[in-house]
Number of protein chains: 2
Amino acid sequence: MATRTDAPTRREQILKEAARLFAERGFHGVGVDEIGAAVGISGPGLYRHFTGKDAMLAELLVGISGQLLTGAKWRVQEADGVPGEQVLDSLIEGHIDFALDDRPLITLHDRELDRLRDTDRKLVRQLQRQYVELWVGVVREVYPALSEPTARSAVHSVFGLLNSTPHLGRAGSLPGRGATAELLHRMARGAFAAAE
Amino acid sequence: MATRTDAPTRREQILKEAARLFAERGFHGVGVDEIGAAVGISGPGLYRHFTGKDAMLAELLVGISGQLLTGAKWRVQEADGVPGEQVLDSLIEGHIDFALDDRPLITLHDRELDRLRDTDRKLVRQLQRQYVELWVGVVREVYPALSEPTARSAVHSVFGLLNSTPHLGRAGSLPGRGATAELLHRMARGAFAAAE
DNA sequence: CCTTCAGGTTAACGACCGCTAACCAGTCTG
DNA sequence: CAGACTGGTTAGCGGTCGTTAACCTGAAGG
């Protein structure tokens, strides 16, 4: 895992703060002045980095969907000949890492999609669909008794389970990141097993 | 189950349409004129029934939380001496019914809470907390090996799973209400079992 | 029949918000 | 050192939105 060590660019600062604010109060509930203030500049200064408020949301959502899909593709590709069980575990682990490390993005991901311009929304939907279908394939390999529609429903439901992290205590009440990840992982596997 | 047969009042019409619109485009994304139009009257006419836009959201959220809690209390109370397994099944069934029948409300329930006035928000939070603790008690009875914090995390996660219904195909692709309910039920039980 | 009132209407106000315009400071670069 | 570019600033415009004001209509009631 290659970790960034160099300082974040201004663009990245803005995106991070915008994600947090959008997740907290909704896209329409946050003004450009607030986003600017969060990174130490004032409202219209943002327009040196983005063409508009919509563009920030679009970049965030496309980025999330793309990142998830890329990671998942990599995990599946890399595991050639490996038993399906382990591939599924790898997918689950990747999704959990994401849900735990980027809570605001997970929140935005299924909440503000309809605020996008048509072209962006279609792109995000397509990326999401690919991600789901990738999971469906692996799940059906591990649990062959599942029909395709059932598997798809099960995958969506497990996403709901894994994406519940924002509701798990405001960072502090939960018993450590590792334990939480492990719990979510076990529950996800249990849910799939019971779906069959 | 007592089913209403009389015509809905205007207030109820408004609440229903407002819930749908808020769920679709977010609280700030919907104008009062739109809500009015959805029930055949025009914008300011709404103020004959509600003191403001906020009041509609407040009534919706308090209503949901109260309804969920009341139903759950009833289910637990009524089952005295019944094995915990069946009580848990009853809670799950109730939550699924709600998630399947009132999708917009389920969506609002954890999305627009922060748009409420302080006093209303505290009330809703308290109702939600009671609901969660009620589940935690029953879950720990069935799975005694679960610590309280773990059980609470597990309950939140299962809520995430059950509340995923809005993401399951736009009503039509899923294989019938009964089958979906059954699948969700099995997955929820499987998730709890695996949490232990 | 006159009054009252519930439940609408349209007009308009004030606040806010996204965005543009115009300007400016610092820092490279030929 | 002149010029250009980067990344800011403040002022302000235009549109939208929640809410209020003022008015209207039809039905109920004594």
Side-chain angles (χ1 to χ4, degrees), chain A residues 6-62 104 108 111-121, chain B residues 6-62 104 108 111-121:
Chain A
D6 50 341
T9 74
R10 186 51 27 121
R11 266 184 76 90
E12 289 168 333
Q13 284 181 47
I14 295 172
L15 284 176
K16 185 182 158 195
E17 294 302 313
R20 186 179 55 82
L21 290 167
F22 289 160
E24 275 174 15
R25 301 213 292 283
F27 179 68
H28 292 295
V30 181
V32 289
D33 291 356
E34 283 176 277
I35 303 175
V39 296
I41 70 181
S42 239
L46 296 171
Y47 288 77
R48 299 291 167 195
H49 304 275
F50 296 92
T51 72
K53 198 180 153 193
D54 304 357
M56 301 181 209
L57 183 64
E59 189 157 327
L60 282 172
L61 293 187
V62 173
L108 285 184
R111 187 169 297 196
E112 307 285 356
L113 183 60
D114 298 312
R115 258 57 88 198
L116 256 48
R117 296 201 329 271
D118 260 34
T119 155
D120 291 322
R121 188 170 58 248
Chain B
D6 49 342
T9 73
R10 185 50 29 121
R11 266 183 75 90
E12 290 168 332
Q13 286 181 45
I14 294 172
L15 283 175
K16 185 182 159 196
E17 295 301 314
R20 186 178 53 81
L21 290 167
F22 289 159
E24 276 174 14
R25 301 211 293 285
F27 179 67
H28 292 294
V30 182
V32 289
D33 290 357
E34 283 176 277
I35 303 174
V39 297
I41 71 181
S42 237
L46 296 171
Y47 287 76
R48 298 291 165 196
H49 304 276
F50 296 91
T51 72
K53 197 180 155 193
D54 304 356
M56 302 181 207
L57 183 64
E59 188 156 330
L60 282 171
L61 293 187
V62 173
L108 284 184
R111 188 168 298 195
E112 308 284 357
L113 182 60
D114 299 312
R115 258 57 89 197
L116 254 49
R117 295 201 331 271
D118 260 34
T119 156
D120 290 323
R121 188 171 57 246

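Order of the sequence lines sets the chain letters (A, B, ...), proteins ahead of strands, with each chain counted from 1. Excluded from the calculations below are hydrogen atoms, water molecules and symmetry mates; all remaining heavy atoms, backbone and side chain alike, are included.
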K.L.:
Check every strand shown and say whether B:G43 touches a base, only sugar-phosphate, or nothing at a heavy-atom separation below 4.0 Å.
P.N.:
nothing

K.L.:
Please determine if a side-chain N or O atom of B:H49 lies less than 4.0 Å away from the OP1 or OP2 oxygen of C:dG8.
P.N.:
yes

K.L.:
Given atom CD1 of B:I41 and atom P of C:dG7, what is their separation to the nearest angstrom?
P.N.:
10 Å

K.L.:
Rounded off to whole Å, could you give me the CG-to-P distance for the A:D33 and C:dA15 pair?
P.N.:
17 Å

K.L.:
Can you tell me which residue among A:L46, A:I41, A:L15 is in a side-chain contact (heavy atoms from CB on, under 4.5 Å) with A:R10?
P.N.:
A:I41

K.L.:
Starting from C1' on C:dA22, measure out to OH on A:Y47 and report it in whole angstrom.
P.N.:
17 Å

K.L.:
Can you figure out which of D:dG8, C:dC19, C:dG8 approaches the side chain of A:R10 most closely?
P.N.:
D:dG8

K.L.:
Rounded to the Å, how far apart are A:F22 CZ and C:dG18 P?
P.N.:
9 Å

K.L.:
If only atom types and distance count, is the side chain of B:R121 paired as donor or acceptor with the main-chain N or O of B:R115 below 3.5 Å?
P.N.:
no

K.L.:
Where is the tightest heavy-atom contact between A:D120 and A:A58, given as atom of each residue plus distance?
P.N.:
OD2-CB, 3.6 Å

K.L.:
Look at all strands and tell whether A:V30 reaches a base, only sugar-phosphate, or nothing, counting heavy atoms closer than 4.0 Å.
P.N.:
sugar-phosphate

K.L.:
If each of A:R48 and A:G31 is mapped to the nucleotide of DNA chain C with the nearest heavy atom, which maps nearer the 5' terminus, i.e. the 5' end?
P.N.:
A:G31

K.L.:
Round to a whole Å and report the spacing from CG of A:L21 to P of C:dG18.
P.N.:
12 Å

K.L.:
Hey, is the main chain of B:I35 close enough, under 3.5 Å, to the side chain of B:E17 for a donor-acceptor pair?
P.N.:
no

K.L.:
Just the rounded figure in Å: distance from P of D:dG8 to CD of A:Q13.
P.N.:
9 Å

K.L.:
Can you identify which nucleotide, out of D:dT19, C:dT10, D:dT10, has its nearest atom closest to the A:P44 side chain?
P.N.:
D:dT10

K.L.:
Whole angstroms only, please: what is the CE-C1' distance between B:M56 and D:dT19?
P.N.:
11 Å

K.L.:
Taking the basic N atoms (NZ, or NE/NH1/NH2) and the acidic carboxylate oxygens, is any pair closer than 4.0 Å for B:E12 and B:K16?
P.N.:
no

K.L.:
Calculate the interatomic distance between A:L46 atom CG and C:dC17 atom P; express it in whole Å.
P.N.:
14 Å

